[in-house]
Amino acid sequence: MHGPAGHVDEFELPDLWQFPLYDYEADLTLGGVEHAIRPGSVSLVPPGTPVRYRYRGRSEHLYVHLRLGAAGEPREVVAVQHAGVQFATVDRQLRQERAAWPNTPGRAVAEVWAALWRVAELGALPRPAADGVRGRWHTRCGLHARTPAGRRRP
């Protein structure tokens with residue numbers, strides 16, 4: 001739970017990707033690039049990226065912090081995007097991940113992977129900005145998820 005309106009959170013996770021789903025409106029700055037989030041938005045934030053949230057009211061989101069390895073083909077993913085009709089499916093997958101952990105960690109990891117692929121395939125990426133990376137990230141396959149408390153998941 002975050003907020004109230006006008007409250008600001010600033011942080012950086014040096015070793016973990018952030019994968020939140022939003023059901024509220026706020027201003028989000030990732031590495032100096034501003035984004036407006038609204039209900040139905042999703043973001044994928046690389047490790048070491050400065051993050052700043054400016055909340056517009058009560059703000060609760062579902063999230064996963066995870067590690068993406070260096071194996072596999074790189075995949076470009078929009079940093080912040082609206083999930084549209086896929087939002088409910090991604091939300092359900094991340095809630096199933098929460099329910100599966102810690103009794104069936106393999107299932108938990110599979111649910112996160114399914115949600116990540118769904119987000120990666122939301123739509124065609126826009127052409128690169130002048131700097132070639134503004135608001136987009138290159139990711140590689142290989143997942144080691146962590147619980148919010150920092151315990152390693154397989």
Side-chain angles (χ1 to χ4, degrees), residues 1-69 74-99 101 108-109 111-140 142-153:
M1 176 65 61
H2 301 281
H7 181 79
V8 174
D9 279 334
E10 295 184 62
F11 59 92
E12 181 178 318
L13 297 181
D15 300 319
L16 299 173
W17 286 79
Q18 300 168 56
F19 178 29
L21 302 179
Y22 306 100
D23 199 22
Y24 59 89
E25 292 186 6
D27 300 310
L28 172 62
T29 304
L30 300 175
V33 178
E34 294 182 10
H35 303 272
I37 56 174
R38 62 187 197 275
S41 294
V42 59
S43 64
L44 187 59
V45 183
T49 302
V51 174
R52 181 178 189 269
Y53 285 97
R54 187 166 204 288
Y55 303 104
R56 298 181 189 168
R58 179 184 165 119
S59 306
E60 185 174 353
H61 59 251
L62 181 62
Y63 67 93
V64 176
H65 292 159
L66 54 111
R67 293 185 193 280
L68 294 174
R75 179 81 177 194
E76 240 176 33
V77 179
V78 176
V80 179
Q81 56 189 318
H82 196 267
V85 298
Q86 295 297 326
F87 184 82
T89 301
V90 174
D91 181 81
R92 185 172 56 253
Q93 288 170 314
L94 292 188
R95 289 182 191 284
Q96 288 173 339
E97 179 272 338
R98 293 284 194 251
W101 185 262
V109 170
E111 294 290 354
V112 171
W113 265 115
L116 282 169
W117 275 112
R118 190 169 303 281
V119 168
E121 296 174 341
L122 280 175
L125 288 171
R127 288 274 137 230
D131 64 7
V133 295
R134 189 176 188 93
R136 302 170 340 140
W137 316 115
H138 293 277
T139 65
R140 292 186 182 268
L143 174 67
H144 298 286
R146 287 186 175 262
T147 65
R151 295 186 311 260
R152 188 173 188 279
R153 293 183 181 182

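Looking at residues two or more places apart in sequence or on another chain, you find a salt bridge (Lys or Arg N to Asp or Glu O under 4.0 Å) between R95 and D91. Residues forming a salt bridge (Lys or Arg N to Asp or Glu O under 4.0 Å) with E25 (at least two apart in sequence, or on another chain): R56. Partners of A115 under the side chain to side chain contact (heavy atoms under 4.5 Å, CB included) rule, at least two apart in sequence or in another chain, are F19, V90, Q93, L94. Listed by chain and residue number, nothing satisfies the salt bridge (Lys or Arg N to Asp or Glu O under 4.0 Å) test with D23 (two or more places apart in sequence, or in another chain). Legend: residues meeting salt bridge (Lys or Arg N to Asp or Glu O under 4.0 Å) with R38, ordered by chain and number and at least two apart, are absent.
Relative ring orientation between Y24 and Y55 is described as tilted, the plane-to-plane angle lying within the 30° to 60° band.
A 4.5 Å side-chain heavy-atom check between E34 and D27 finds every atom pair outside the cut-off. Put simply, the side chain of L44 reaches to within 4.5 Å of the side chain of W17, judged on heavy atoms. Residues S43 and Y22 have side chains in contact (heavy-atom distance under 4.5 Å, counting atoms from C-beta outward). For the pair V119/Q81, a side-chain contact is recorded, criterion being any heavy-atom separation below 4.5 Å from C-beta on.
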May I have the step-by-step check of side-chain contact (heavy atoms from CB on, under 4.5 Å) for L116 and V64, ending in yes or no? CA-CA 10 Å; L116 282 169; V64 176; over 6 Å; no

For side-chain contact (heavy atoms from CB on, under 4.5 Å), just list the numbers for V78 and L122, CA-CA rounded to whole Å, side-chain angles, deciding distance to a tenth of an Å, and then say yes or no. CA-CA 9 Å; V78 176; L122 280 175; over 6 Å; no

Audit row: R67, L16, side-chain contact (heavy atoms from CB on, under 4.5 Å) steps and yes/no: CA-CA 5 Å; R67 293 185 193 280; L16 299 173; 3.7 Å; yes

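Remark: side-chain polar atoms of S59 are paired, donor with acceptor, to backbone N or O of G57 under 3.5 angstrom.
The structure places CD of Q86 at 9.5 Å from CZ of R92, a figure rounded to the nearest 0.5 Å. Rounding to the nearest 0.5 Å gives a distance of 9.5 Å between CD of E12 and CD of Q18.
Sorted by first and then second residue, the salt bridge (Lys or Arg N to Asp or Glu O under 4.0 Å) pairs involving residues 79-88 (not counting sequence neighbours) form an empty list.
When every heavy atom of H61 is checked against every heavy atom of L21, the shortest pair comes out as CB-O, 2.9 Å.
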